[in-house]
Participant: 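This structure is in structure tokens; I'll ask about it shortly.
What you see is a predicted model; the values in this text were computed from it and never measured. Here is the naming used below: chain letters follow the sequence lines, and residue numbers restart at 1 for every chain.
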Protein chains: 2
Amino acid sequence: MSEPAGGLNAEQLGTYFALMEVSSLLQYAVDEHLRADGDLSWVQFQILARLANAPEGRLRMTDLADGVVYSRSGLTYQAGLLDKRGLISRSPSPDDERSTMVTVTDAGRDLVAHVLPGHVDRVRQLLFEPMTGTDLAALGEVLGRVRDHMRANPPRSAKPRAGRNRGE
Amino acid sequence: MSEPAGGLNAEQLGTYFALMEVSSLLQYAVDEHLRADGDLSWVQFQILARLANAPEGRLRMTDLADGVVYSRSGLTYQAGLLDKRGLISRSPSPDDERSTMVTVTDAGRDLVAHVLPGHVDRVRQLLFEPMTGTDLAALGEVLGRVRDHMRANPPRSAKPRAGRNRGE
DNA sequence: TATTGTTATACTCTATAACTATA
DNA sequence: TATAGTTATAGAGTATAACAATA
């Protein structure tokens, strides 16, 4: 942790590791709660939460996969599970017959509402408790900027098929 | 993202999601590189890196599992893989016959050294490029504090066996 | 009795590629 | 031909519980 390993100084390296450690610990804690309280994985919760926040509770499969950091087949698998449980429904898009629109059902919204308080509680306790208002503002601003930067240079959303960047 | 969902205001919620999104995107990018360049998963790299940074390149299994966010059986599995590839070696501890000491081999160190430049390069490009020095200092300070806070209130390191918090 | 580590097992998840259908 | 989504398959990873050995 002390030598300038290649291109990052000690401060950068430490920050990088702290970021990964914090998010990892947070995700474990949150995942644990979601499973216990709503039998949901972190990814499933994200899917439902995004849908619940979407204009009419509906999104295209592709947009959903793009939002959540996920492969298409992975999303199909998860959507299948959520569908089976009646938390979402899928139907062909009227505009584009190829597309599938995913919609949160009332049961899905209820489940999110049921799980959210405890979820938010953990996040506050673990992540925000040791932060001041200034910390929060700074953190939010920087992370938002970094996220936009990462989204701009698609790091893994590089389409699995669009045959251009298959390195090998 | 607008209503004060239970206990977090919009700013907190946005920061929370940004944190998870950033770490998720970063991990995918880094993982991709590690696999391509060294046939290592993110967890395996972490194990090797921690060992390479340890006093004599050696740590107890338990300490290693505790450092990496991992279950014991999971670590045994990963250690088995790394052992098979000759990247680490395991031997009973002289002090405590129950313990196993894990040591990085020269091959393990070489692999870390081989992979590190490209690894660090991705991190710099994705995470640090859009940051100023002030951002970095603030981020590092806050995240370090949060990590210590999380480690203090063991969120998932709650020992699997130590029979006290088995809720059911 | 408590702790360290391993193993066996069962399961979840994920990615790849092949496939269908529509644009 | 390109895009949206599904499916089949195969593999990696993870957790649980049972186990053996030492403290």
Participant: How many Å lie between CD on A/Gln46 and C1' on C/dC13, as a whole number?
Facilitator: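 After rounding, the reported distance stands at 15 Å.
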
Participant: Hey, which of these two, A/Glu97 or A/Ser41, hits DNA chain C nearer its 5' end, going by closest nucleotide?
Facilitator: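 Counting from the 5' end, the first nearest nucleotide belongs to A/Ser41.
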
Participant: Look at all strands and tell whether A/Thr100 reaches a base, only sugar-phosphate, or nothing, counting heavy atoms closer than 4.0 Å.
Facilitator: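 Sugar-phosphate only.
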
Participant: Separation of B/Met61 atom CE from D/dA21 atom C1', in whole Å?
Facilitator: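 To the nearest whole Å, that distance equals 15 Å.
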
Participant: For A/Asp83, what residues pass the salt bridge (Lys or Arg N to Asp or Glu O under 4.0 Å) criterion, not counting sequence neighbours?
Facilitator: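 A/Arg90.
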
Participant: Rounded to whole Å, how long is the line connecting atom CG of B/Leu59 with atom P of C/dT4?
Facilitator: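 Roughly 15 Å, once rounded to whole Å.
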
Participant: Check which hydrophobic residues are tied to B/Met101 through side-chain heavy-atom contacts below 4.5 Å, counting indirect links as well, and list them.
Facilitator: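 Via sub-4.5 Å side-chain contacts, B/Met101 links to none.
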
Participant: Looking at D/dT6, I'd like to know if its phosphate oxygens (OP1 or OP2) sit under 4.0 Å from a side-chain N or O belonging to A/Arg72.
Facilitator: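 For D/dT6, OP1/OP2 do not have a side-chain N/O of A/Arg72 under 4.0 Å.
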
Participant: Where each residue is assigned the nucleotide of DNA chain C containing its nearest heavy atom, which of A/Arg98 and A/Arg35 is assigned the position nearer the 5′ end?
Facilitator: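 Of the two residues, A/Arg35 wins.
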
Participant: Considering residues at least two apart in sequence or located in another chain, which fulfil the salt bridge (Lys or Arg N to Asp or Glu O under 4.0 Å) criterion with B/Asp96?
Facilitator: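 Testing B/Asp96 for salt bridge (Lys or Arg N to Asp or Glu O under 4.0 Å), a comparison that skips the adjacent residues, returns B/Arg98.
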
Participant: Under the 3.5 angstrom rule, does the side chain of B/Arg122 hit a backbone N or O of B/Ala29 as a donor-acceptor pair?
Facilitator: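 Pair found, side chain donor or acceptor close to backbone of B/Ala29.
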
Participant: Within residues 79-94 of chain B, which residues have any heavy atom lying less than 4.0 Å from an atom of DNA chain D?
Facilitator: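 Nucleic-acid contacts, sorted: B/Leu81.
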
Participant: Quick one: A/Phe45 CZ to C/dC13 P, roughly how many Å, whole number?
Facilitator: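 Result: 16 Å.
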
Participant: Does a side-chain N or O of A/Ser99 approach OP1 or OP2 of D/dA4 to a distance below 4.0 Å, or not?
Facilitator: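 For D/dA4, OP1/OP2 do not have a side-chain N/O of A/Ser99 under 4.0 Å.
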
Participant: Under 4.0 Å between a side-chain N or O of A/Ser73 and OP1 or OP2 of C/dA15?
Facilitator: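 So the side chain of A/Ser73 is outside the cut-off, no N or O lying under 4.0 Å from OP1 or OP2 of C/dA15.
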
Participant: Could you tell me the separation between the CE atom of B/Met101 and the P atom of D/dT22, rounded to a whole number of Å?
Facilitator: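 Spelled out: CE on B/Met101 to P on D/dT22 is 18 Å.
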
Participant: Given atom CG of A/Leu75 and atom P of C/dC13, what is their separation to the nearest angstrom?
Facilitator: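 Answer to the nearest Å: 13 Å.
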
Participant: Rounded to whole angstrom units, what separation is found between the CG atom of A/Leu64 and the C1' atom of D/dT6?
Facilitator: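 Atom CG in A/Leu64 sits about 15 Å away from atom C1' in D/dT6.
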
Participant: Can you tell me how far C1' of C/dT4 sits from CG of B/Asp63, to the nearest Å?
Facilitator: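 That distance rounds to 11 Å.
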
Participant: Could I get the full list of salt bridge (Lys or Arg N to Asp or Glu O under 4.0 Å) partners for A/Arg109, not counting sequence neighbours?
Facilitator: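 Per chain and number, A/Arg109 pairs via salt bridge (Lys or Arg N to Asp or Glu O under 4.0 Å) with no residue.
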
Participant: Quick one: sort the B/His119 and B/Trp42 rings into parallel, tilted or perpendicular, breaks at 30° and 60°.
Facilitator: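 Correct class here is parallel.
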
Participant: When you get a sec, tell me which of D/dT7, C/dA15, D/dT22 is the closest nucleotide to the side chain of B/Tyr28?
Facilitator: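 The nucleotide sitting nearest to the side chain is C/dA15.
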
Participant: With sequence neighbours excluded, give me every ring pair (Phe, Tyr, Trp, His ring centres under 6.0 Å) pair touching residues 78-108 of chain A.
Facilitator: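 Found none.
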
